[in-house]
K.L.:
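This structure is in structure tokens; I'll ask about it shortly.
To find a chain, count down the sequence lines: A is the first, B the second, and so on, and within it residues start at 1. All values below come from the heavy atoms of this structure, side chains included, with hydrogens, waters and symmetry mates left out.
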Amino acid sequence: MLTTGPRGTHDIIPAEAKNWRRVEETARKICEVYHYGEIRTPIFEHTELFLRGIGETTDVVQKEMYTFTDRGNRSVTLRPENTAAVVRSYLEQKLYAEAQAAKLFYIGPMFRYDRPQAGRLRQFHQFGIEAIGPAGPSVDAEIIELAVRFFEKLGLKDLNLLINSVGCPKCRPQYRLVLQEFLQDKKDQLCGNCQSRYDRNPMRILDCKEEKCNQLSAGAPQMVDCLCDECAEHFAGLRQFLDAAKISYTLNPRLVRGLDYYTKTAFEIQYPLLGAQSAVCGGGRYDGLIEECGGPATPGIGFAIGLERVLLAMEKQALLDPAEDVVPVWVIPLGKEASLPAYSLLMRLRQLGISSDMDHGGRSLKSQMKQANRTQARYVAIIGEDEARTHQVTLKNMTTGEQALISADEAVKQLKQEMNG
RNA sequence: GUGACUGUGGUGAAGUGGUUAACACGGCGGAUUGUGGUUCCGUUAUGCGUGGGUUCGAUCCCCAUCAGUCACCCCA
């Protein structure tokens, strides 16, 4: 079908682009304030990067990647997320050499082969930030705060911030054993999905939506209670900073992220009204990822915000600007002789930066006036046969209805004054 | 990837197995010569997502397919 885009893709037309721009500008602005610099990496990478970075057993890698072989027989993948790629770039471009911390942000499309539904597309857009280098909990707080402020700036309300600590390679394996032990005799009663999780990723069982599994896992020991000293201290530190910043959060010991690289801090911001796809921001610390990608042991933390979901949430709260097509000045040629002088007048206006337009279809004065009216024109410059001959225009003020026959030069001068003032 | 529901013009939508597919908004044209926002008039889907099938005949029945929505799953 030539008239439909690929499944799960979406066109952003002019009426919507304005709101997208506002969201993106808000992101850029806040990143500047918090000292994060923009990074633009390719939308495809070697498949290997995602296998290693995200984790081979994750759902994202196992069933959601757009992977293909290029003409040179290399396996490449459309990025399903951007943290791995940013880390790759950080190492390849040796950003560690320039400063103690690489504080980066990105905005761009991501690709996941999912079954589409509202708030879930195959090509979607993320605004994300990464702080590579710093280890202290104040960065964790800074990042979470940035996300919260971003939503505040857009005017969004009723968001829930959930935080948890998922431990580190020192304490998580031990916790897994403790958890598996707890669930051992209940294993048969878990849902099918959770039974396979038991060995692969038992922590996800805590996250299951099945009522049955919830009951079975009730009272299970929690990661936060089994953190090693370092992780516990880090988590306590984070909470202290968040409290100081007066950012309210919910401690959710069952919050687990689906990407393997997360350590210590994990967080999510939800907008419940979005239904099943309510996570509007997700992130956490990934202290092992840089090493996993072949770099020196370096801590890092970041988040990603789903922009389509942000726009949906804004729509629900009536925060979107209405689509409107505004052209403050219309030039109206009447008849063939008028089109050349009309066009040169238009050209002069545009060179002065005055947003203006004209009809190219030779339509009637009446319909051109209508058009001007629809686009909220403040002025209309009519050029008919008489005006064309004498290098004049009839300049009409659309709000007062007054009009005057003046020279083209005079019209340009007046419009320049009016439009800049 | 699983299950369910939906699919009529630019938009919101009514509708029926049988000549011309309501209505509203929008668009376009007009209501005496070159003037908008109000009003009035006219016009605007050779077509009912697409492809098959059933039938004398299908937009309305069946199948497939595509797309969307909801839930699961996953996650942003």
Side-chain angles (χ1 to χ4, degrees), chain A residues 1-10 13 15 54 58-65 79-83 107-128 147 191-194 196-197 201 204 207-210 255-259 262 266-271 274-283 302-313 323 330 332-335 338 361 363-388 394-403 405:
Chain A
M1 231 322 88
L2 289 171
T3 54
T4 50
R7 186 162 201 206
T9 63
H10 174 63
I13 60 175
I54 299 171
T58 59
D59 280 16
V60 168
V61 165
Q62 284 191 337
K63 36 190 224 201
E64 296 175 7
M65 293 214 300
R79 60 184 188 191
E81 59 96 54
N82 208 27
T83 300
I107 296 174
M110 307 293 156
F111 306 83
R112 290 184 202 174
Y113 191 88
D114 253 2
R115 177 98 169 245
Q117 81 187 60
R120 188 214 261 167
L121 294 164
R122 288 184 176 179
Q123 174 174 343
F124 60 103
H125 296 77
Q126 286 187 336
F127 154 46
C191 72
N193 214 330
C194 283
S196 75
R197 282 168 173 157
N201 191 353
R204 300 225 48 141
D207 204 27
C208 185
K209 283 176 190 155
E210 290 279 335
L255 177 70
V256 183
R257 308 263 76 219
L259 311 179
Y262 285 114
F267 66 96
E268 188 167 308
I269 297 176
Q270 297 184 337
Y271 183 70
L274 290 184
Q277 311 303 323
S278 63
V280 80
C281 170
F303 70 63
I305 287 174
L307 296 184
E308 279 81 0
R309 292 183 187 178
V310 169
L311 271 293
L312 282 175
W330 276 89
I332 300 184
L334 297 171
R363 297 197 300 153
S364 72
L365 173 59
K366 189 175 187 170
S367 69
Q368 293 192 63
M369 288 295 291
K370 260 189 180 168
Q371 166 94 332
N373 196 57
R374 252 204 308 278
T375 57
Q376 301 172 42
R378 289 162 59 196
Y379 286 90
V380 139
I382 301 164
I383 301 180
E385 291 176 21
D386 297 344
E387 288 94 337
T394 297
L395 188 64
K396 174 162 181 160
N397 181 323
M398 292 293 277
T399 42
T400 64
E402 288 165 3
Q403 64 180 53
L405 183 64

K.L.:
Nearest-Å distance, CD (E385(A)) to P (rU35(B))?
P.N.:
14 Å
K.L.:
Using atom P in both nucleotides, what's the gap between rG1(B) and rG53(B) to the nearest angstrom?
P.N.:
28 Å
K.L.:
Is there a donor on the side chain of Q376(A) or the base of rG36(B) sitting less than 3.5 Å from an acceptor on the other?
P.N.:
no
K.L.:
Looking for any heavy atom pair under 4.0 Å, which part of the strands does Q277(A) touch: base, sugar-phosphate only, or nothing?
P.N.:
base
K.L.:
Are the side chains of Y113(A) and R122(A) in touch, meaning some heavy atoms are under 4.5 Å apart?
P.N.:
yes
K.L.:
Can you tell me whether the side chain of K366(A) and the base of rU35(B) have a donor-acceptor pair closer than 3.5 Å?
P.N.:
no
K.L.:
Please work out if G128(A) contacts a base, only the sugar-phosphate, or nothing of the nucleic acid, heavy-atom cut-off 4.0 Å.
P.N.:
nothing
K.L.:
Do the side chains of E81(A) and V60(A) get nearer than 4.5 Å, heavy atoms only?
P.N.:
no
K.L.:
Between C1' on rG68(B) and CZ on R7(A), what's the gap in Å once rounded to a whole number?
P.N.:
8 Å
K.L.:
What distance, rounded to whole Å, do you find between the two P atoms, one in rA71(B) and one in rA58(B)?
P.N.:
39 Å
K.L.:
Identify whether any heavy atom of I382(A) sits under 4.0 Å from a base atom; if not, whether one sits that close to sugar-phosphate; answer base, sugar-phosphate or nothing.
P.N.:
base
K.L.:
So M110(A), base contact, sugar-phosphate only, or nothing? Heavy-atom distance under 4.0 Å.
P.N.:
nothing
K.L.:
Classify the nucleic acid contact of Q62(A) as base, sugar-phosphate or nothing, counting any heavy atom under 4.0 Å across all strands shown.
P.N.:
nothing
K.L.:
Using the C1' atom in both, what is the distance from rC48(B) to rA22(B), to the nearest Å?
P.N.:
14 Å
K.L.:
Using heavy-atom distances to pick each residue's nearest nucleotide on RNA chain B, tell me which of S367(A) and K370(A) is more 5'.
P.N.:
S367(A)
K.L.:
Have a look at A304(A) and say if it touches a base, only the backbone sugar-phosphate, or nothing, with a 4.0 Å heavy-atom cut-off.
P.N.:
sugar-phosphate
K.L.:
Counting just side-chain N and O atoms, does R374(A) come under 4.0 Å of either OP1 or OP2 of rG37(B)?
P.N.:
no
K.L.:
So does R309(A) get a side-chain nitrogen or oxygen closer than 4.0 Å to the phosphate oxygens (OP1/OP2) of rC75(B)?
P.N.:
no
K.L.:
With heavy atoms under 4.0 Å as the rule, sort R112(A) into base, sugar-phosphate or nothing.
P.N.:
base
K.L.:
Please state whether the base of rG68(B) and the side chain of R115(A) form at least one donor-acceptor pair under 3.5 Å?
P.N.:
no
K.L.:
Using a heavy-atom cut-off of under 4.0 Å over every strand shown, decide if L121(A) touches base, sugar-phosphate, or nothing.
P.N.:
base
K.L.:
At less than 4.0 Å, is any side-chain N or O atom of R363(A) found next to OP1 or OP2 of rG29(B)? Yes or no.
P.N.:
yes
K.L.:
5'-most contact on RNA chain B: G275(A) or G282(A), nearest heavy atom basis?
P.N.:
G275(A)
K.L.:
Check whether any side-chain N or O of R122(A) sits under 4.0 Å from OP1 or OP2 of rC74(B), and answer yes or no.
P.N.:
no
K.L.:
rU35(B) and rU43(B): how far apart are their P atoms, nearest whole angstrom?
P.N.:
25 Å
K.L.:
Mark yes or no for whether E308(A), through its side chain, and H125(A), through its backbone, hold a donor-acceptor pair below 3.5 Å.
P.N.:
yes
K.L.:
Whole angstroms only, please: what is the CG-P distance between L312(A) and rG68(B)?
P.N.:
14 Å
K.L.:
Which part of the nucleic acid, if any, lies within contact of G8(A), taking any heavy atom under 4.0 Å across all strands shown: a base, the sugar-phosphate backbone alone, or nothing?
P.N.:
sugar-phosphate
K.L.:
Taking only the C1' atom of each, what is the distance from rU59(B) to rG42(B) in whole angstrom?
P.N.:
28 Å
K.L.:
From rG37(B), rA76(B), rC74(B), pick the nucleotide closest to the side chain of Y262(A)?
P.N.:
rA76(B)
K.L.:
With rounding to whole Å, what would you report as the distance between rU44(B) and rA24(B) at their P atoms?
P.N.:
14 Å
K.L.:
Distance criterion of 3.5 Å, no angle test: do you see the side chain of Q368(A) paired donor-to-acceptor with the base of rU35(B)?
P.N.:
no
K.L.:
Under 4.0 Å, counting only non-hydrogen atoms across every strand here, what does E64(A) touch: a base, just sugar-phosphate, or nothing?
P.N.:
sugar-phosphate
K.L.:
Sticking with atom C1', work out how far rU69(B) lies from rG49(B), rounded to a whole angstrom.
P.N.:
15 Å
K.L.:
Contact class for T58(A) vs. all strands (heavy atom < 4.0 Å): base, sugar-phosphate, or nothing?
P.N.:
nothing
K.L.:
With a non-hydrogen cut-off below 4.0 angstrom, is G283(A) in contact with a base, only sugar-phosphate, or nothing?
P.N.:
nothing
K.L.:
When the C1' atoms of rU54(B) and rU19(B) are considered, how many whole Å apart are they?
P.N.:
23 Å
